[in-house]
Amino acid sequence: MTTPELGLPMAVPADGLPAHVRIHEVGARDGLQNEKATVPTETKAEFVRRLADAGLTTIEATSFVHPKWVPQLADAEDLFPLVRDLGDLSGTALPVLVPNERGLDRALALGATRIAVFASATESFAKANLNRTVDEALAMFEPVVARAKAQDAHVRGYLSMCFGDPWEGPVPVPQVVRVCRALLDMGCDELSLGDTIGVATPGHVRALLTALNQQVIPTPSLGVHFHDTYGQALSNTLAALQHGVTTVDASAGGLGGCPYAKSATGNLATEDLVWMLTGLGIDTGVDLDRLTATSVWMAEQLGRPSPSRTVRALSHQE
């Protein structure tokens, strides 16, 4: 018998929190792109399908980045058709990452209807990740976003290094706000605020969200993307929820990191997030037992245990 079947965690709602949170699952893309060994395409497709079966309604499927830069996701053209039907069968949203117009062309040709672009709040990471300045990267994204919107696609804008940068240190809040404003002005439907190296703390999270609101950037257009380098991902998520954020990025089993920022460890584990939200009485639509079983299965494919504490506890792993 698993712990959820015993009625744990006990739901004890707290004032000022949303009734429902949409989990933006990034394990199949952000999680697997950091693996040293390439995962077979069929295994990736099965991973996505199992995540959908667990109740996740937004699953980032892959990335249409040039294979030279992210070889682990070089099979995007083969993978996406294997999972595309989930949108019709269950209404699962399957966003894909695109770096430029060529990536957009590849994604649209396969029927993708939700795309994401990825910008940086700092010059150092923009150079390392995109080989451009921040403003040059934004200029590159403008026609991508415009063309995607012309095709009625939903566009998400990722913003990395919102709280700290491994080369530059602390990132000033106004610097982050400026790039957020630029992404929204070019047409992004939502933004994901990334703590790429996991250095954020709750007060910093609240300060950034407040500053964004002061610049007429509404909370409903914002999601948060925390890494757990210093064990702060859940506390930072709670701070965002208290501010009204209802979209949280997470990775099944805690997979992931960032190939261009070596100090970035795994993403917030989806199971750890669901456990906390369940205990707060917040609906996610996710079956924790099925999700845990999926992450245990994926860990077996990767040949190592899951770093998620909830997965380990529920699967009785040491």
Side-chain angles (χ1 to χ4, degrees), residues 13-26 30 58 60 95 116-122 125 134 138 154-165 168-251 258 261 264 267-268 270 272-274 276-277 280-284:
D15 293 338
L17 296 177
H20 176 81
V21 163
R22 178 176 68 88
I23 297 175
H24 187 105
E25 172 60 47
V26 301
D30 194 13
T58 305
E60 201 158 278
V117 296
F118 49 100
S120 171
T122 66
F125 190 67
V134 169
L138 290 171
H154 178 279
V155 181
R156 168 178 252 227
Y158 277 105
L159 186 57
S160 298
M161 302 297 172
C162 289
F163 299 92
D165 178 285
E168 298 181 19
V171 180
V173 168
Q175 185 172 317
V176 180
V177 172
R178 181 185 80 85
V179 185
C180 285
R181 181 76 268 167
L183 288 167
L184 281 181
D185 287 347
M186 73 173 65
C188 288
D189 297 287
E190 68 173 312
L191 302 180
S192 174
L193 306 174
D195 181 20
T196 314
I197 58 173
V199 295
T201 53
H204 194 170
V205 172
R206 285 191 290 267
L208 176 57
L209 292 171
T210 298
L212 290 168
N213 291 162
Q214 290 171 344
Q215 294 301 314
V216 200
I217 296 175
T219 301
S221 67
L222 301 172
V224 289
H225 183 117
F226 294 119
H227 287 234
D228 208 30
T229 313
Y230 296 93
Q232 302 297 297
L234 280 176
S235 58
N236 289 332
T237 298
L238 182 57
L241 297 177
Q242 290 169 333
H243 193 89
V245 170
T246 59
T247 298
V248 180
D249 295 4
S251 175
C258 178
N267 292 288
L268 167 62
T270 310
D272 297 358
L273 174 63
V274 172
M276 182 183 78
L277 296 178
L280 288 168
I282 297 173
D283 174 55
T284 63

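Taking CG of Leu268 as the reference point, atom CG of Asn236 lies at 9.5 Å (rounded to 0.5 Å).
For Thr58, the side chain to side chain donor-acceptor pair (under 3.5 Å) criterion is met by Arg22, not counting sequence neighbours. Scored by the side chain to side chain contact (heavy atoms under 4.5 Å, CB included) test, Ala207 finds no partners at all (sequence neighbours excluded). Considering only residues two or more places apart in sequence or on other chains, Ser160 meets the side chain to side chain contact (heavy atoms under 4.5 Å, CB included) condition with Phe125, Thr196. With sequence neighbours excluded, the residues satisfying side chain to side chain donor-acceptor pair (under 3.5 Å) with Glu168 are Ser124. A search for side chain to side chain contact (heavy atoms under 4.5 Å, CB included) contacts involving Pro13 returns nothing, not counting sequence neighbours. For Asp283, there are no salt bridge (Lys or Arg N to Asp or Glu O under 4.0 Å) partners at least two apart in sequence or on another chain.
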TODO: Step by step, work out the side-chain contact (heavy atoms from CB on, under 4.5 Å) result for His204 and Val173.
DONE: CA-CA 9 Å; His204 194 170; Val173 168; 4.2 Å; yes
Open item on the list: Go through it in stages, so that I can follow the logic: the residues are Leu159 and Cys180, the test is side-chain contact (heavy atoms from CB on, under 4.5 Å), and I'd like the CA-CA distance, side-chain angles, deciding distance and then a yes or no.
Closed with: CA-CA 7 Å; Leu159 186 57; Cys180 285; 3.5 Å; yes
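No side-chain heavy atom of Gln242 sits under 4.5 Å from any side-chain heavy atom of Pro202. Inter-residue side-chain proximity for Ile282 and Leu241 is flagged as met; some heavy-atom pair is nearer than 4.5 Å.
Pairs engaging residues 171-181 under the salt bridge (charged side-chain N to carboxylate O under 4.0 Å, His left out) rule: Asp135-Arg178, Arg181-Asp185 [sequence neighbours left out]. Under the ring-ring contact (aromatic ring centres under 6.0 Å, His included) criterion, no residue pair touches residues 169-192, with sequence neighbours excluded. Contacts classified as side chain to side chain donor-acceptor pair (under 3.5 Å) and involving residues 214-224 (residues at least two apart or in different chains) are given here: Asn213-Thr219. Residue pairs meeting the salt bridge (charged side-chain N to carboxylate O under 4.0 Å, His left out) criterion with at least one member in residues 237-251, sequence neighbours excluded, are Arg156-Asp249. Counting only residues at least two apart or in different chains, ring-ring contact (aromatic ring centres under 6.0 Å, His included) contacts with residues 170-190 are absent. Listed by first and then second residue, the salt bridge (charged side-chain N to carboxylate O under 4.0 Å, His left out) pairs involving residues 233-247 amount to none (not counting sequence neighbours).
Remark: side-chain polar atoms of Asp228 are paired, donor with acceptor, to backbone N or O of Ala233 under 3.5 angstrom.
Classified by interplanar angle (parallel below 30°, tilted 30° to 60°, perpendicular above 60°), the ring pair Phe163/Phe226 is tilted.
Considering all non-hydrogen atoms of both residues, Val26 and Ser251 come closest at CG2-CB, 3.9 Å.
Each of Thr237, Asp30, Thr247 was evaluated against His225; a single residue qualifies, Asp30, per the side-chain hydrogen bond (donor to acceptor under 3.5 Å, both in side chains) test.
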